[in-house]
J.: 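Have a look at this one before I ask anything.
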2 protein chains.
Amino acid sequence: MTSTTLLTGGLADRFKASLRLSAASVYLLASQDEDGLWHGMAVTSASSLSIDPPSMLAAVNRAASVHAVISQSRRFCLNLMTDRHSHLLERYAKSDLRDQRFTSDHWSARLQFAPTLLDALCTHTCLVEAAHDYGTHTVFFGKVEEVILSSDLRIGTGPLVWLNGAQASILIESPV
Amino acid sequence: MTSTTLLTGGLADRFKASLRLSAASVYLLASQDEDGLWHGMAVTSASSLSIDPPSMLAAVNRAASVHAVISQSRRFCLNLMTDRHSHLLERYAKSDLRDQRFTSDHWSARLQFAPTLLDALCTHTCLVEAAHDYGTHTVFFGKVEEVILSSDLRIGTGPLVWLNGAQASILIESPV
C-alpha cells in the first residue's frame with residue numbers, strides 16, 4: 001500500500017485504509033452458549049468504558065457467530081492476548097478455523113459462564129447491561145464482574161498488538 | 001507496581017491495574033463550540049465501530065469539558081497521533097494545561113466544524129448519530145463524514161501508543 005492509494009479512492013476506501021494505521025490490543029472475546037459450548041473470536045474493538053462501575057465495551061459484527069451467543073447469554077469475557085499467543089491468533093480470526101478455537105489446552109473453565117484464556121495478560125468477565133446496534137455492529141456495554149490479572153507480569157511481556165494488518169511488537173519501557 | 005499488588009485488592013483496584021496492561025493508540029478528540037472555539041483532549045477509548053457506514057465511537061467522561069461541546073455540536077473529530085507528537089501529549093491529558101491546547105501551530109481549520117491536527121496519521125470527522133450514557137461516561141457513535149490520511153506515511157512512522165501509564169514505542173514491520 002503506497003501513500004498514493006491511501007490518498008485517493010472514495011470515503012469507504014479511505015476509511016478502511018485509516019483503520020490500518022491505528023494500533024490496538026487484541027482480545028479474545030468469548031462467551032458460553034446455553035449448551036455450555038464456547039464461542040469466540042479475536043477483536044480489536046474492545047475498550048474500557050467507565051471506571052465506576054468498572055465496565056468494558058466491545059463492538060461486534062452481527063454476522064459473527066459469537067454475537068448471537070452474547071445476545072442470549074448476556075455475558076462475555078475479554079482475554080487480553082500477549083505476544084506469546086501469536087501462534088494462536090489465526091484460528092480466532094478466520095471463520096473456517098472456528099473448530100480449532102477451543103480444542104487446545106489454552107482455556108480454563110475456572111470462571112462460571114466465562115472461557116478464560118490461560119496466560120492472558122488479563123481477563124474481564126462482563127454482564128451485558130446494554131446493547132446498542134449501529135450499522136453492521138452491536139456495541140455491548142459490559143459491567144465487569146471479575147478481573148483476573150496475570151501472575152507472570154514482567155518486562156519483556158507485552159500485549160499482542162494489531163497494526164497495519166499484522167502483528168506488531170511493542171516495547172514496555174518501564175516495569176509493569 | 002508488582003505482581004503482588006496486581007493480584008490483591010478489590011475489583012476496582014484490579015480493574016484499574018488491568019487497564020495499564022492494554023496498549024491503545026492515542027487520539028486527540030476535538031470539537032468546536034457554537035462560538036467557534038476549539039476544545040479537545042487525548043483519549044485511548046476511541047475505536048472503529050462499523051465499516052458500513054464508516055463510523056467511529058468514543059467513550060467520553062461526562063466531567064470532561066469537551067463532552068458538553070460534542071453534545072451540543074453533535075460533531076467530533078478524532079486525530080490519530082504519531083510518535084512525532086510525543087512532546088504535545090501532556091497538554092491534552094492534563095486539565096490545568098487546557099489553555100495551551102490550541103495555541104500552537106499544530107492545528108488547521110481546513111475542515112468545517114473540525115479542528116484538524118497537522119501531521120496526524122489520520123483524521124476522522126464524525127457526525128454524532130447516537131449517544132449512550134453508562135456509568136461516568138457517554139459513548140458517542142459517530143458517522144464518519146470525512147477521512148484525511150497523512151501524505152507522509154513511511155516505515156518508521158507509527159501511532160503514538162499508551163501502555164502501562166506511559167508512551168510506548170511500536171515497530172512497524174512492513175510498509176504502510
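Because the structure is predicted, anything quoted here is derived from the model rather than measured. So you know, we letter chains A, B, ... as the sequences are listed, proteins then strands, and number each from 1.
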J.: Flag yes if A/V66 and A/W38 sit in one hydrophobic cluster, no otherwise; membership is Ile, Leu, Val, Met, Phe, Trp, Tyr, and two members link when side-chain heavy atoms are under 4.5 Å apart.
T.: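 No, it is not one cluster - the side chains of A/V66 and A/W38 are not joined through contacts under 4.5 Å.
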J.: Name the region of B/L49, side chain, backbone, both or neither, that has any atom closer than 4.5 Å to a heavy atom of chain A.
T.: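 Interface part for B/L49: both.
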J.: Do you know which of A/A46, A/S48, A/A59 has the most heavy-atom pairs with chain B at a distance under 4.5 angstrom?
T.: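 Most heavy-atom pairs within the cutoff with chain B belong to A/S48.
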J.: Taking B/S50 for its side chain and A/T136 for its backbone only, find out whether a donor-acceptor pair lies under 3.5 Å.
T.: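 Side chain of B/S50 to backbone of A/T136, a donor-acceptor pair under 3.5 Å: yes, one is there.
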J.: Should B/N61 and A/I51 be marked as a side-chain contact (heavy atoms from CB on, under 4.5 Å) after you check the CA-CA gap, both sets of side-chain angles, and the distance that decides it?
T.: CA-CA 10 Å; B/N61 194 312; A/I51 296 290; over 6 Å; no
J.: Looking at every heavy atom in both B/P159 and A/L21, which two are closest together, and how far apart are they?
T.: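 The answer is CG-O, 3.5 Å.
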J.: Grouping I, L, V, M, F, W and Y whenever their side-chain heavy atoms are under 4.5 Å apart, do B/V128 and B/L29 come out in a common cluster?
T.: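 In one cluster: yes.
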J.: With respect to chain A, which residue among B/V26, B/D52, B/L160 yields the maximal number of heavy-atom pairs within a distance under 4.5 Å?
T.: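 Going by pairs under 4.5 Å, I would pick B/D52.
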J.: Mind checking whether A/F15 and B/H124 have parallel, tilted or perpendicular rings, split at 30° and 60°?
T.: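 Perpendicular: the ring planes of A/F15 and B/H124 meet at over 60°.
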J.: Do B/V69 and B/L28 sit in the same hydrophobic cluster, where Ile, Leu, Val, Met, Phe, Trp and Tyr count as joined when their side-chain heavy atoms come under 4.5 Å apart?
T.: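 Result: no, two separate clusters.
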J.: Going only through I, L, V, M, F, W and Y residues with side-chain contacts under 4.5 Å, is there a path from B/W162 to B/V43?
T.: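 B/W162 and B/V43: separate clusters.
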J.: So which of A/H137, A/K16, A/E145, A/H132 has the largest heavy-atom pair count under 4.5 angstrom toward chain B?
T.: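 Option with the greatest count: A/H132.
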J.: Measure B/V161 against the heavy atoms of chain A and call it side chain, backbone, both or neither at under 4.5 Å.
T.: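 The answer is the side chain of B/V161.
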J.: In sequence, state the C-alpha distance, the side-chain angles, and the governing distance for A/M56 and B/L19, and then conclude on side-chain contact (heavy atoms from CB on, under 4.5 Å).
T.: CA-CA 10 Å; A/M56 299 286 291; B/L19 299 183; 4.2 Å; yes
J.: For chain B, find which of A/A130, A/S25, A/C122, A/A24 contributes the most heavy-atom pairs closer than 4.5 angstrom.
T.: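 Sorted descending by pairs with chain B, the first entry is A/S25.
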J.: Of all heavy-atom pairs between B/L57 and A/V139, which one has the smallest distance, and what is that distance?
T.: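 Smallest interatomic distance, heavy atoms only, reads CD2-CG2, 3.9 Å.
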J.: Flag yes if A/I70 and A/F141 sit in one hydrophobic cluster, no otherwise; membership is Ile, Leu, Val, Met, Phe, Trp, Tyr, and two members link when side-chain heavy atoms are under 4.5 Å apart.
T.: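 No; tracing contacts between hydrophobic side chains, which count when under 4.5 Å, never links both residues.
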J.: Provide the closest heavy-atom pair for A/S47 versus B/T44 in the form atom of the first, atom of the second, distance.
T.: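 Nearest pair, atom of A/S47 first, then B/T44: OG-O, 4.4 Å.
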